[in-house]
Structures are given as C-alpha cells and as structure tokens.
Protein chains: 2
Amino acid sequence: MSLSFDPQLDLQTIRIVRAIADAGTITGAARLLGYSQPAVSQHVQRAEARLNLPLVTRVGRSVRLTEAGTVLARHALTIASALEAASGDLADLAGLRTGTVRLAAFPTASSTIVPRLLAAMAVEHPGVRVNYVEAQPPEAVAMLREGSIDLAITFSYPGDRSDPHVDSANGLGSETLFTEDTVVVLPTGHPLADQHVVDLAGLSDERWIAGCPRCRGHLLAVCELAGFAPAIAFETDNAIAVINMVASGLGVAMLPRLALVAAAVPPGAVIRSHTPASARSIHLIANEGARRVPSLAATSRVLHGLDGNDWGLVAV
Amino acid sequence: MSLSFDPQLDLQTIRIVRAIADAGTITGAARLLGYSQPAVSQHVQRAEARLNLPLVTRVGRSVRLTEAGTVLARHALTIASALEAASGDLADLAGLRTGTVRLAAFPTASSTIVPRLLAAMAVEHPGVRVNYVEAQPPEAVAMLREGSIDLAITFSYPGDRSDPHVDSANGLGSETLFTEDTVVVLPTGHPLADQHVVDLAGLSDERWIAGCPRCRGHLLAVCELAGFAPAIAFETDNAIAVINMVASGLGVAMLPRLALVAAAVPPGAVIRSHTPASARSIHLIANEGARRVPSLAATSRVLHGLDGNDWGLVAV
DNA sequence: GAGCGACATAACTCGATGTTATTGGTTCCA
DNA sequence: TGGAACCAATAACATCGAGTTATGTCGCTC
C-alpha cells in the first residue's frame, strides 16, 4: 500500500476551488471562507503555479473555473466526506459516543468496585466499552507500562515500597480513590473477641495467616509498631480461605475491610477493629495524559463518583 | 450540501499519524517522511493540542498510537485514495489523456481547416474531445470573452478595425496561423479572363457581388487603392452562391482563396489573381493563459502543424 | 552503571499564508 | 461619455506554522 499524498494538492486548494465554484466570484468565495479577497486570489495563483495548470480564467470582470478547476471542484465533495468520516470518528471519541477502556484491577476489586464501575459506565456512557482483566498491583503497573492496559486499580499500604506515588515520576499518574482500614479476624471463642477494638499486642503469641506478599509485608510493619513479630503459619491471597481458616481455629488474620464484602463471615469467626489502626488506600493509575483521553477521563470520573460507604470505603 | 472541511484536520497530520502507525516509532516515521525527528514530534503535539485529544502515548522508550490515533491511521487510506482520484484526474488533463476544447471558427473554415484539425486531433490526442461551433469572427470573440468557448479561429484583413491584435490588449491573445491572398472571380467570357493577373482598375465599371460585411469593407479598401469605388449589386456571405452568381453573369467578385476550396468552380466562372494584390490572415484567438492549458496548447500546436499549401494557405 | 536508542525541548530560520491599501479593468447608468 | 460600482490583481507587509540543529532526559540492554 503506497499511500502517496500528492504534495501538490492540499485541502485548502480544494476548499477554495470549491468555494469559487459555489460563489462564482473570487470575492464571493472569500466571503464564504471568511478570507479577504486577495488571500483567495493569491492562493489560486500559487496553486496554479504548483500544478502548472490554470484553475480559473477571467471572464469579464468576474472569473470562471477552467476544466481543471471544475474537476477539482467535483472531487471536493468526495474528499470532504472522507475527511468528515475521520473527523466524525474523532468527534465520537471526544464525545464519549464510542471508545474502549482497558482496565486492570486487583482481585478483591473484581467482585466489588469493578462490577459497580461497569454498571455505572453502562448507564452513564453506554458507548464506551470496558475491557477488564484482573491483576495484582505490580503486574497491573507493568501492563500499564507496556501499553496493554489504559487504567489500573491498585492498592497500597502507607510506606509501601511500591507505593504508586513512586511511579508518578515515571510517566504514570495516580489518584487515590478510597481509603479503608484493616481489621483482624479472630475465632469466635478467642479471649479478645468480646472487645470492640482489639489491641494487637494481645495477639503477639498467636499464629498468623498472611495474605498476599504485600499484605504480609504490611502485617509485619503493623505488628512491629505494636511491639512484636508475628509468627506466620500460612499464606494465601484468597480472603475467603483466610476467614475460613480462622473459623477453623488455625490462627488469626488481618484483612482490609473490602475483602470482607464478597466473603460471608462464617459463624466461627468474628471481625474486629484493631489498635494501632492501619489503613490501605486504593488508587487509580494511568499513563500521564490519560486525563485528556475522554473515555479514560470519564472512567476516572465515574470511579470517583462511586459510593463505597456501605463497604467501609472512604472516598478521597 | 454543507461540505465542511474540518479545519482541525489537515493532510499532514493524517500523513504523519499514518507514518507512525507504519513505523512504530516517531524516529522511524520521520525517516519515512524525510523529516527530522523533532519535526514529527512537534507536529504530533500541535495536532493533539488542536484536537484536544492525545494521538500517541509513550510506552517504554517508544511510542504507540492511542485509540484516536489508530482511528486516524485507519482513515488515512480512504482519504489518500480520494485525493489520488482528484490528482489523477488533474494528471490526465495535464497529460492530454483527457480534456475538452470548445472551438469556434468562421464558416469557410468549417469545411476546410476544422475538419483537418479534428482529424489530426483524433490521431494525436485521442483523449481530447473538441466541441465545435461555427461563428463569424466578431461573434467568436464575444463568445471567447464570455467564456463559452476556449479557442476561436478568425480572419482579418490588414488594417481591419477589428483586427485581433486590437483584442490582445484585453486579456485575449492571438496568433496568426496562415495568410492567403484574395482572388477575383470573373465570368468565363469576361474580357480580362484571359489575363493571368487581372488589374482591378479594369473592373471599375463592373457590378460587384460582395461577401460578408467585413469582406465588403475590404473590397472597398482594395478598390480604393486601385482608384475606384465598386458598385455593389449583391451581398451574400455564401461563397458558393457568389461563384454561381458570377457564373450566371450577375457581376464579378473578390474572394479569399480558401473560399474556393470547398466550392466547385462551375464552367461559367474563372479564378484570377489580381493587382494590387491583397491578403487575408487567419488567426487563432484564445484567452490569455490558454497556453498553459494542455488541451488548448495541444490544439494550437496541431493547428500550427496543419499544411494548407494545397489550399493556397501560407503557414506563418 | 555505561552506552545507546528514542522522544522531548529549546532556539532559531524561513516560507507559506494571511492582512490592508492600492491599482487596473469591466459593466452599467445618467 | 464620464463616473460609480464592482471585481480581480498587485504591492508591501505581518505573522505563524512548520521545519531545522543542538541538546536534554529517560528507558532499555549488556
């Protein structure tokens, strides 16, 4: 496909020839186009010199198109409609009548935030298609970097080494969507289970069930604040499994509130706040410049508009 | 038909986006287009600012098209082909593979010069169509002025008030194609019919048959040179009628040689040169600038190449 | 971590493409 | 026939788009 744009033909020439055909005079064409009369006159002369073909001839005190001119004028409509198709498609993108968003989010979001987002998008921007893949924050950021997704919903703990704000230096931008606190999960019969807020120090001798690697890191940090190093007996990033392991008496655990939303808490386990408290924040990460892509900006707006109160999320 | 060219979309942007799609990098696109790398980089930025839509996003140390960019790239082919259709038509005109010439000529030429021209054009430029209308020189010039024809073949006598050279001041251009002398037509039995060159003074007492108004004017001028004022008994611009009137003894006449070509000279008339001699010249008149219109220039060339010797015409 | 490859930025040049003011030619009308 | 109105062409000028080279910054790779 050689796709050669004739450098001698430019849109302005076609526009002007067309206007002359419509108006019948150069002055009239200038009025149609919003130019001064000499502008059109000179442009025609330049075009004729480029093409080495007269486009108009003077007749009386007016002007008329030559054969070459009428040929150009005839083509103007075709060319204009090809351009209009292109600019119409761009306008559709700009006007959110179409567009595709490729989104990744961490597993817990898949069953909570993402469904809500998709539903809201379907209502507010029915023309925008959202493709979703599940990915842990580090993988999601990698996908963003390689361009295979447009938006990533991630989480981070304060002081996290892979805090999204670190990424912002590198062409990515992040916004915090929500914050939530973490809770401890205790077996129903645990001595501290009747306290409303559990002091972590009282759990220093328990066996702990840790979550994903970054959650485990956070657990270690919080326990260090409380003055002990937790003994980690199991690791799984499946929150439902964690709760059920606790209910089975295999240990205690710390989870973000959001993890509880999609998991039914079985009779054998109870959920308690703890002290020192700790929080997790949920972010939206995108390429720098995504703010200017309408479909991505719209998705961001909709995400910010979601209400997570009923899940213990605090909008930022 | 509103035919609105989106002023935000220009060919260069489409060309460049297309090149980026093909090359995958901005540097590569610049190479494809023969530009420097910053040229492409900056053009993309300007285009994005105009459209208020990102067209590319950086990914790693390279770049990839956004959705908007891919939309533009997809349209590039359509637009290029519409333009190529137009520039192809122009090239056809420039290359004489097509074109239309609107020609007028005086009556005598209709049966002599014009058929020869049409035949030659059909051979040398088969793509060029010639539309022909017959018109006396003044009318032909008027049609030229109002743009309803492109070329006019006219004649003039020396000193003619409507000599085509007078017109050249007014946006028209003329070239002399041929010159020819005029002859007298005498009845076969006329006393001077046996002379090879007839002295007009000897015809001062004849009754004259005049041709078209301008020919009549010329007759008066030549006879005045010969020292008399001719008695004009009839007027007709039909040369064949003139010859036959002479053959019938109604008078004598003066005709340009070309008028004899298409008319069989009946037994009752003879053709003689005369003294003082007089000449008529045959011109091609066109709008200033016709020289640059290929089809008209080609017609002019072919006309100049015609051989009129066998008709008594002298090429100029 | 050094080097290379690729894009961004800065500073500058130049020409295309406008502008206004004016001239020249045509038409029309008193 | 002379003048007013109209239209296009020309001249002189301003400006901005669109290139250029030189240089900076970032990311990948060895």
Side-chain angles (χ1 to χ4, degrees), chain A residues 7-16 19-20 23-50 54-66 69 141-142 144-147 166-172 287-289, chain B residues 7-16 19-20 23-50 54-66 69 141-142 144-147 166-172 287-289:
Chain A
Q8 295 183 319
L9 260 193
D10 62 317
L11 293 186
Q12 191 68 342
T13 299
I14 294 176
R15 234 163 79 87
I16 286 180
I20 294 175
T25 71
I26 288 196
T27 301
R31 257 196 300 273
L32 282 182
L33 298 170
Y35 290 144
S36 64
Q37 170 262 316
V40 175
S41 192
Q42 294 176 88
H43 190 106
V44 169
Q45 291 176 51
R46 283 193 301 269
E48 288 177 334
R50 269 203 304 275
L55 297 174
V56 306
T57 63
R58 296 221 34 174
V59 30
R61 70 179 172 189
S62 182
V63 94
R64 66 174 275 148
L65 291 179
T66 63
V141 169
L144 212 46
R145 289 196 179 289
E146 77 186 21
V166 171
D167 296 313
S168 26
N170 307 337
L172 297 184
N287 264 299
E288 206 60 85
Chain B
Q8 296 183 320
L9 260 192
D10 61 317
L11 292 186
Q12 190 67 338
T13 298
I14 293 176
R15 235 163 78 85
I16 285 181
I20 293 175
T25 71
I26 289 193
T27 301
R31 258 196 300 274
L32 281 183
L33 298 170
Y35 291 144
S36 64
Q37 170 263 316
V40 176
S41 193
Q42 293 176 91
H43 189 105
V44 169
Q45 291 175 49
R46 283 192 300 268
E48 288 177 335
R50 270 202 303 275
L55 297 174
V56 307
T57 63
R58 297 221 31 177
V59 30
R61 69 180 172 188
S62 181
V63 95
R64 67 174 277 148
L65 292 179
T66 64
V141 169
L144 212 46
R145 289 196 179 288
E146 75 185 23
V166 171
D167 295 314
S168 25
N170 307 338
L172 296 183
N287 264 300
E288 205 60 84

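Excluded from the calculations below are hydrogen atoms, water molecules and symmetry mates; all remaining heavy atoms, backbone and side chain alike, are included. Here the structure is a predicted model, which means the values were calculated and not measured.
Rounded to whole angstrom, the span from the CD1 atom of I20(B) across to the P atom of dA8(C) amounts to 9 Å. Taking atom CZ of residue R46(A) and atom P of nucleotide dT10(D), one finds them 13 Å apart after rounding to whole Å. Rounded to whole Å, atom P of dA9(D) lies 10 Å from atom CD of Q42(A). If you take NE2 of H43(B) and C1' of dG17(D), they are 10 Å apart, rounded to a whole angstrom. With rounding to whole Å, L11(B) atom CG is found 12 Å from dA18(D) atom P.
S36(B) comes within contact range of at least one nucleobase, with a heavy-atom separation under 4.0 Å.
Here Q45(A) does not reach the OP1 or OP2 of dA8(D): none of its side-chain N or O atoms lies under 4.0 Å away. In terms of phosphate contacts, S41(A) brings no side-chain nitrogen or oxygen within less than 4.0 Å of OP1 or OP2 of dA8(D). In this structure, R58(A) does not reach the dG25(C) phosphate: none of its side-chain N or O atoms is under 4.0 Å from OP1 or OP2.
Among the nucleotides dA8(D), dG19(D), dA6(C), the one closest to the side chain of R61(B) is dA6(C). Here dC7(C) is the nucleotide among dA10(C), dC7(D), dC7(C) with the atom lying nearest to any side-chain atom of V63(B). Side-chain proximity of T27(A) to the nucleotides dC7(D), dA18(D), dA9(D) is greatest for dC7(D).
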Take R61(A) and T25(A) through the test side chain to side chain contact (heavy atoms under 4.5 Å, CB included) and record every step on the way to the result.
-> CA-CA 9 Å; R61(A) 70 179 172 189; T25(A) 71; over 6 Å; no

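Minimum heavy-atom separation, R50(A) to T13(A): NH2-OG1, 3.2 Å. Across G28(A) and A23(A), no two heavy atoms sit closer than the pair C-CB, 3.4 Å. Between R64(B) and G147(A) the shortest heavy-atom distance is NH1-O, 3.3 Å.
Residue T25(B) is the one, among Q37(A) and T25(B), whose nearest nucleotide of DNA chain C lies closer to the 5' end (criterion: closest heavy atom).
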